[in-house]
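Below is one structure, written out as structure tokens; comments come after it.
Since the structure is predicted, the reported quantities are computational estimates derived from the model, not experimental observations. Order of the sequence lines sets the chain letters (A, B, ...), proteins ahead of strands, with each chain counted from 1.
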Amino acid sequence: MYVAVKGGERAIENAHRLLANARRGDQTVAEVSLDQISEQLGLAVDRVMSEGSLYDRELASLAIKQARGDLIEAIFLARAFRATMPRFGTSEPVNTGAMRVQRRVSATFKDIPGGQILGPTFDYTHRLLDPSLAEGFVPETPASAEASTAATPRVTDILGRDGLIETSPQAEDGASVGDLTREPLNFPADRDLRLQNLARADEGFLLAMGYSTQRGYGRNHPFVGEIRFGEVEVEFAAEDVGFAVPLGSIELTECQMVNQFKGSTTEAPCFTRGYGLAFGQSERKTMSMALVDRALRARELGEEALAPAQDEEFILSHSDNVQATGFVEHLKLPHYVDFQSELGLLRKLRKEFAETSAGANAPDAMKEAAE
Amino acid sequence: MAVLAHAEAGEIAARLRTILLPGHQDMRAPESGLLMLRGRIGGDGAPFNLGEATVSRAAVRLASGEVGFGYTLGRDGEKARLIALCDALVQSRDFSATVERDVIGPLREQLMVRRKRAAEETAATKVDFYTMVRGEG
């Protein structure tokens with residue numbers, strides 16, 4: 001238990017001043033701007049927006065600067081900021097099928113309508129440090145080719161036409177959409193709530209849990225049906241306007257995982273699915289999310305749920321890095337009162353132990369011990 | 001309005017300066033808040049809450065009575081106000097053609113050029129994978 005302490009104001013104030021200086025670093029070195037962070041550390045910004053659950057590049061860049069590059073601290077700042085803002089409403093669900101695709105690959109089909117598009121990717125790089133990036137690097141102008149006007153349908157929609165893959169669950173009439181920022185999470189949680197939790201979950205945690213399913217802890221035999229990254233339009237049905245207003249676009253990454261099939265005496269066998277969606281270019285995150293989403297469907301699909309990744313209470317309760325860091329890091333705050341009571345108890349136990357040991361040779365004590 | 005939402009506040013303001021604007025006033029002062037963004041399970045299934053985005057809104061009334069609404073992603077309230085002003089102008093018989101010709105049209109053109117270039121750069125990374133025949137030993 002934590003009991004508040006008083007005092008230390010002066011030291012705290014000075015510590016924060018020192019922090020401000022440490023954050024700035026050597027003042028003969030140029031200060032980093034928010035534009036520089038947003039433009040040149042874009043994937044860090046994407047991660048802070050995703051896990052901070054707040055799409056705003058400028059705020060995420062500021063959070064990264066303020067947190068000295070500590071992304072979990074930056075995510076914490078983004079979450080704290082969002083808690084101060086009023087909510088105007090809820091967007092229309094985004095249509096990822098109409099995404100202006102900047103990258104789109106499938107590991108299951110090589111010939112997909114609209115084609116495989118590598119886009120800006122680390123894939124197929126050699127992972128060798130590049131000294132030319134150290135200073136004054138000017139990249140070559142990107143190559144360009146005639147753009148196709150063909151649609152890029154989701155790969156799962158193509159498989160779905162033949163009934164080879166399960167269809168996405170549709171909303172029941174009048175069903176509300178769960179929101180864990182408004183209602184505390186209860187178990188069992190429906191898939192909408194699970195996906196909301198996973199979308200803002202720590203990438204490292206999801207990666208480890210997704211990896212564990214591949215290594216046999218809740219194996220579900222995944223293939224990447226499709227990963228796509230690009231811009232989608234956001235619309236909001238504003239009451240005062242009376243129709244869905246376009247608000248601009250956001251960047252999203254979507255991962256469709258195609259998993260081991262199931263069937264029964266009444267249903268023909270078909271592939272099952274796991275789904276990942278996150279702000280920005282967040283491929284590792286959405287792939288891990290899709291693996292974990294599928295693992296968490298174990299009970300629904302009649303599979304034995306024995307592995308950690310299939311345990312929704314375990315996953316959903318430990319996935320949030322702001323909650324996790326809050327509880328872990330609070331241990332370093334003064335616990336003097338708490339610790340004093342532990343110390344008192346320990347001293348008492350040690351005293352009793354010493355007395356018992358000292359009297360151990362006495363016949364009465366021997367008898368007592370035997371009983 | 002989609003075109004305006006994709007433009008920068010400064011670009012809209014610069015275009016509007018080329019028009020002799022009618023009298024107008026804020027009906028709702030610009031304000032910023034959040035919008036919960038939704039996705040769909042599997043891309044095409046039941047909706048779920050993905051995360052929030054900052055959003056700004058404003059409303060403007062022309063002296064002639066037309067009311068325009070402005071909504072945009074981000075915290076730029078001035079941009080929301082400019083969009084609201086354009087929305088009001090579009091409804092005005094005297095100004096709809098002018099605002100389309102001098103503001104929205106050029107911005108649409110600019111957006112299309114930007115999108116076309118991005119699409120062409122993306123298209124250059126289109127790949128054809130060949131499946132190798134497995135060796136016999």
The interface call for Arg115(B) against chain A, heavy-atom contacts under 4.5 Å, is side chain
Please identify, among Val94(A), Asp56(A), Thr141(A), the residue contributing the most non-hydrogen atom pairs under 4.5 Å to chain B.
Asp56(A)
Between Asn49(B) (side chain) and Leu193(A) (backbone), is there a donor-acceptor pair under 3.5 Å?
no
Apply the test side chain to side chain contact (heavy atoms under 4.5 Å, CB included) to residues Leu252(A) and Leu50(B): give CA-CA distance (whole Å), side-chain angles for both, the deciding distance (0.1 Å), then the verdict.
CA-CA 10 Å; Leu252(A) 288 180; Leu50(B) 176 63; 3.7 Å; yes
If we define contacts as heavy-atom pairs under 4.5 Å, which of Met257(A), Glu233(A), Glu235(A) has the most with chain B?
Glu233(A)
Among the options Arg273(A), Arg154(A), Gln256(A), pick out the one with the most heavy-atom pairs lying under 4.5 Å from chain B.
Arg154(A)
At a heavy-atom separation under 4.5 Å, does Asp190(A) approach chain B through its side chain, its backbone, both, or neither?
neither
Against chain B, label Val245(A) side chain, backbone, both or neither, depending on which of its atoms sit under 4.5 Å from a heavy atom there.
side chain
If I take atom OG1 from residue Thr54(B) and atom CZ from residue Phe88(A), how far apart are they, to the nearest 0.5 angstrom?
10.0 Å
Distance-minimising heavy-atom pair for Pro47(B) and Ala171(A)
CD-CB, 3.9 Å
When the 4.5 angstrom heavy-atom criterion is applied to Leu180(A) and chain B, the contacting part is neither
Gap separating the NZ atom of Lys126(B) from the CD atom of Gln116(A), nearest 0.5 angstrom
10.0 Å
Contacting moiety of Val232(A), where chain B heavy atoms sit under 4.5 Å
neither
Which atom pair, heavy atoms only, marks the closest approach of Ser249(A) to Leu73(B)?
O-CD1, 3.6 Å
Please indicate whether Arg108(B) has more than 12 foreign heavy atoms, meaning atoms of other residues, nucleotides or ligands, lying under 6.0 Å from its CZ.
yes
Is the backbone N or O of Asp44(B) less than 3.5 Å from a side-chain atom of Gln170(A), with the two atoms forming a donor-acceptor pair by type?
yes
Contact part of Val234(A) toward chain B, heavy-atom cut-off under 4.5 Å: side chain, backbone, both or neither?
side chain
A quick test of your reading: do over 12 heavy atoms of other residues, nucleotides or ligands sit less than 6.0 Å from CD of Glu58(A)?
no
Among Thr121(A), Asp179(A), Leu198(A), single out the residue with the greatest number of heavy-atom pairs under 4.5 Å to chain B.
Asp179(A)
Given Glu231(A), Arg104(A), Gln102(A), Arg103(A), the one with more heavy-atom pairs under 4.5 angstrom with chain B than any other is Gln102(A)
Provide the closest heavy-atom pair for Tyr71(B) versus Asp240(A) in the form atom of the first, atom of the second, distance.
OH-OD1, 2.9 Å
Toward chain A: residues of residues 6-43 of chain B with heavy atoms under 4.5 Å
His6(B), Arg28(B), Glu31(B), Ser32(B), Gly33(B), Leu34(B), Leu35(B), Met36(B), Leu37(B), Arg38(B), Gly39(B), Arg40(B), Ile41(B), Gly42(B), Gly43(B)
Just verifying a value: how many Å separate Arg100(A) CZ and Thr122(B) OG1, rounded to the nearest 0.5 Å?
11.0 Å
Tell me the closest heavy-atom pair linking Ala123(B) and Ala147(A), and the distance in Å.
CB-CA, 3.9 Å
In terms of heavy-atom pairs under 4.5 Å, which option from Ile117(A), Val177(A), Thr84(A) contacts chain B the most?
Val177(A)
Calculate, to the nearest 0.5 Å, the distance between atoms CE and CD belonging to Met49(A) and Glu52(B) respectively.
14.0 Å
Cut-off 4.5 Å, heavy atoms of chain B, and the answer for Tyr275(A) is side chain
